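Treat the numbers as computed from the prediction; the structure is a model and nothing was measured. Atoms within each ligand, like the ligands themselves, are counted from 1 in listed order. We count residues from 1, following the sequence as given.
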Amino acid sequence: MKSREARIEKLRTQQQNSKNHKEYQAFLTEINTEKIDKGKIEEDWLKNQEGVEKLQNEVKTLTQQVEADTKTCEATKQQLGGRLSELQAEVDRLKPLRDQAAAAVPSQARDSFERLADRHEGEAMGSIGKPDRRREEYICNSCNMSLVADIYNRLHSRDEMVLCPNCRRMLYIPDELPPELALNTKPPRKPVAASTEAEE
Ligand SMILES: [Zn+2]
């Protein structure tokens with residue numbers, strides 16, 4: 001734009017010094033052409049300027065967003081770091097107790113336990129449950145599969161490992177199911193023989 005202005009100035013001077021009307025007119029035409037060109041350049045420049053401002057605003061918004069996200073990220077990192085060291089401390093605290101308990105278990109049972117724990121994300125054992133207090137019917141609490149009626153006796157009186165036939169976890173009797181609650185109730189419903197409420 002500056003070079004156009006300089007050129008227009010130069011043409012004006014030349015125009016003032018023109019020797020005749022024809023030359024004067026020729027300079028005038030040239031000056032007008034230069035002015036139109038200058039106007040076009042100005043318009044383009046304004047348009048570009050608008051674009052630049054828009055982009056600058058976008059950059060500003062994005063920068064603010066990045067700053068906010070970075071703060072959130074830092075806070076989350078700190079929280080996770082704190083939680084991680086808490087969990088690690090708990091693992092460190094429980095490890096000797098766990099090792100001690102494991103040492104008391106016969107090696108074959110311990111191996112089975114480790115294998116099952118690997119397969120079930122640490123949950124190697126499944127407690128048995130008695131959904132209906134009046135019925136001697138049991139389920140595996142881990143997978144809800146019905147179990148054979150004598151499962152309680154097998155676990156309670158015999159020292160053998162019984163796996164759930166469905167999820168293959170090692171079954172055990174939970175503390176809340178002592179013999180007085182578990183046993184001496186009605187035998188299991190026979191699947192075919194219909195029992196009605198009137199019998200109860
Ligand atoms: Zn199961």
What pairs of donor and acceptor atoms, side-chain ones from residues 59-67 against any protein atom, are under 3.5 angstrom apart with sequence neighbours left out?
{"residue": "Thr61", "atom": "OG1", "partner": "Asn57", "partner atom": "O", "Å": "2.9"}
{"residue": "Thr63", "atom": "OG1", "partner": "Val59", "partner atom": "O", "Å": "2.5"}

Exercise answer: donor-acceptor pairs, residues 103-112 side-chain atoms, under 3.5 Å, sequence neighbours excluded:
{"residue": "Arg110", "atom": "NH1", "partner": "Ala102", "partner atom": "O", "Å": "3.0"}
{"residue": "Arg110", "atom": "NH1", "partner": "Val105", "partner atom": "O", "Å": "3.3"}
{"residue": "Ser112", "atom": "OG", "partner": "Gln108", "partner atom": "O", "Å": "3.1"}

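Shown are the protein N/O/S atoms under 2.8 Å from the Zn ion (ligand 1), given by residue and atom: Cys140 SG, Cys143 SG, Cys164 SG, Cys167 SG.
Applying the side-chain contact (heavy atoms from CB on, under 4.5 Å) test between Arg4 and each of Lys40, Lys38, Glu42 identifies Lys38 as the sole match.
With sequence neighbours excluded, the residues that form a salt bridge (charged side-chain N to carboxylate O under 4.0 Å, His left out) with Asp99 are Lys95.
Of the charged side-chain nitrogens involved, none lies within less than 4.0 Å of a carboxylate oxygen, so that Glu9 and Lys35 do not count as a salt-bridged pair. A salt bridge is defined here as a Lys NZ or Arg NE, NH1 or NH2 lying under 4.0 Å from an Asp or Glu carboxylate O, and Arg135 with Glu137 fails to meet this definition.
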